[in-house]
2 protein chains.
Amino acid sequence: MVVKRSLTPAAVVDVALGIVDEHGPDGLTLAAVAHACGVATPSLYKHVASLGELKTLVGARVLEDMTDRIATTVLGTSGDEAVTGLMRAYRAYGATHPKRYAALPMDPLHDPIQEAAGAKLVGVMYATLRGYGLEGSAAVHATRRLRVLVHGFASIESEGGFGLPEDLDDTYDQLIQMYLATLRSES
Amino acid sequence: MVVKRSLTPAAVVDVALGIVDEHGPDGLTLAAVAHACGVATPSLYKHVASLGELKTLVGARVLEDMTDRIATTVLGTSGDEAVTGLMRAYRAYGATHPKRYAALPMDPLHDPIQEAAGAKLVGVMYATLRGYGLEGSAAVHATRRLRVLVHGFASIESEGGFGLPEDLDDTYDQLIQMYLATLRSES
DNA sequence: CCCAGAGGCTAATGTCATTAGCCAAGGGCG
DNA sequence: CGCCCTTGGCTAATGACATTAGCCTCTGGG
């Protein structure tokens, strides 16, 4: 069969991810990827349909990666501990890979390539809220609130949007407590 | 003196804003702006230093515009009413101009051109929280929490990231109540 | 041994940003 | 009144990219 004698689509995405980490999503260019792979630019089209598709694939990869990291952190915990762990893990991912965070698709369910990864992250959040006895739409709203909090903070932090010297850990702790309080009053 | 017989930097930004509204920040191109102005592309350099500067100017413009809208809404109110009004006005701006929202700089204080507008928005938020008796860093954290909430929601909503049919107004109301509760417990 | 397809390559096209250098018009000033 | 300079527009040229077409060369299976 096909021997992976060289490049594969996954390998191309690996390289692209490195470029995103270094230069941000807008710095992701087929020319740069090709150069990093040691091939001519048009050769990439043997593995990837277009720059747009590559960006979509990178977005999916980041989503999967982050979801795995978060899921692992939350594993084996429940209740407030799990929620706290999830929120901290989410923030940690954004803070550790700021450029990459900007490549995250906010609407993964609109693209078949990213759909699975998006559903999985939402699933992890949803599962983390299990135990608070949320029914139907209450669970949906609670999940949305959680998403808003973690994404809002990670988005601003990863773009260097917090200017003042006050400790960001304190702000984040307050956000966690704020969220946990709504869960308590709901369940 | 100089008669504004034709294009001015501000007029170029106006046109650019229209293009951003229609095609998003990545669709903003000097060629498109020039065409819309009825002028050759290089002529724009007589009014704007580069595409990058134009994007910065557009970001500042959006920030100013949104801040004005919000400040007007909040004017004459205080306390929970003011906070609620601010949060709703913020969301309304993002929902009304989704493409434009993506052009908002998250780190306006890092750029001299956008600094004033950024400081003004933070100032409006800060002032809105006056009356809750927040001192020093407590006010900073409260402002950050507010920013996280409104930006997180507007960011996701403007990119079509909320997929389920549950009412977004309900989710947003919960976020508002959640935030007001933290203010109450702090003051 | 032969062949097909996988995976690379070069050449060519079109879109953009950006720079250089040219040119007309209009207002201020001698 | 007429000259000069600044303003603002233009064309030409360059260089980065994405994308397409068409060619060439292994390599592994029959």
Side-chain angles (χ1 to χ4, degrees), chain A residues 1-62 99-100 102-103 105 111 113-114, chain B residues 1-62 99-100 102-103 105 111 113-114:
Chain A
M1 273 305 297
V2 177
V3 183
K4 57 177 67 168
R5 77 177 71 59
S6 54
L7 244 36
T8 65
V12 173
V13 173
D14 286 343
V15 172
L17 196 51
I19 292 174
V20 168
D21 277 335
E22 201 170 346
H23 302 103
D26 289 346
L28 178 57
T29 164
L30 286 183
V33 173
H35 183 267
C37 290
V39 301
T41 307
S43 303
L44 291 179
Y45 286 85
K46 289 287 160 68
H47 309 285
V48 148
S50 66
L51 175 61
E53 192 200 69
L54 179 58
K55 285 182 170 171
T56 300
L57 290 169
V58 168
R61 172 72 72 80
V62 174
K99 304 276 183 59
R100 186 187 295 197
D111 187 309
I113 295 180
Q114 305 176 324
Chain B
M1 275 303 297
V2 178
V3 183
K4 58 175 67 165
R5 76 176 72 60
S6 55
L7 244 36
T8 65
V12 173
V13 173
D14 286 343
V15 172
L17 195 52
I19 292 173
V20 168
D21 278 335
E22 201 169 349
H23 302 104
D26 290 344
L28 177 57
T29 164
L30 285 183
V33 173
H35 183 267
C37 291
V39 101
T41 307
S43 303
L44 291 179
Y45 286 86
K46 288 291 161 66
H47 308 286
V48 148
S50 68
L51 175 60
E53 191 201 69
L54 178 57
K55 285 182 170 172
T56 300
L57 289 170
V58 167
R61 173 72 71 82
V62 174
K99 304 276 182 58
R100 187 186 296 195
D111 187 309
I113 294 180
Q114 305 175 323

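In what follows, every chain begins at residue 1, and chains take the letters A, B, ... in the order their sequences are listed.
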Distance, rounded to the nearest Å, where Leu51(B) contributes CG and dT15(C) contributes C1': 13 Å
Across the strands shown, which category fits Thr41(B) at heavy-atom distances under 4.0 angstrom: base, sugar-phosphate, nothing? base
About how many Å separate OG1 of Thr29(B) and CG of Leu51(B), when rounded to the nearest 0.5 Å? 6.5 Å
In whole angstrom, give the distance that lies between atom CG of Leu44(B) and atom P of dA17(C). 9 Å
Whole-Å distance, Lys55(B) NZ to dT18(C) C1', equals 14 Å
DNA chain D: 5'-proximal contact among Val39(B) and Ser50(A) (nearest heavy atom): Val39(B)
If only side-chain N and O atoms of Thr29(B) are considered, is one of them under 4.0 Å from the OP1 or OP2 phosphate oxygen of dA17(C)? yes
Just the rounded figure in Å: distance from C1' of dA17(C) to NE2 of His35(B). 18 Å
Tyr45(A) atom OH is separated from dT10(C) atom P, nearest whole Å, by 16 Å
Answer yes or no: is there a donor N or O on one side and an acceptor on the other, between the side chain of Lys99(B) and the main chain of His23(B), under 3.5 Å? no
What distance do Glu53(B) atom CD and Asp111(B) atom CG have between them, rounded to the nearest 0.5 Å? 9.5 Å
To the nearest 0.5 Å, what is the distance between OG1 on Thr56(A) and CZ on Arg61(A)? 13.5 Å
Within this structure, what is the NZ-to-C1' distance between Lys46(A) and dT20(D), rounded to whole angstrom? 11 Å
Reckon Ala40(A) touches a base, only the sugar-phosphate, or nothing at all at heavy-atom distances under 4.0 Å? base
From Leu57(B) CG over to Asp14(B) CG, what is the distance, rounded to the nearest 0.5 angstrom? 11.5 Å
At less than 4.0 Å, is any side-chain N or O atom of His47(B) found next to OP1 or OP2 of dG9(D)? Yes or no. yes
Calculate the interatomic distance between His23(B) atom NE2 and dC16(C) atom C1'; express it in whole Å. 16 Å
Quick one: Leu54(A) CG to dT19(D) P, roughly how many Å, whole number? 10 Å
Answer with base, sugar-phosphate or nothing: what part of the nucleic acid does Ser43(A) contact at a heavy-atom distance below 4.0 Å? base
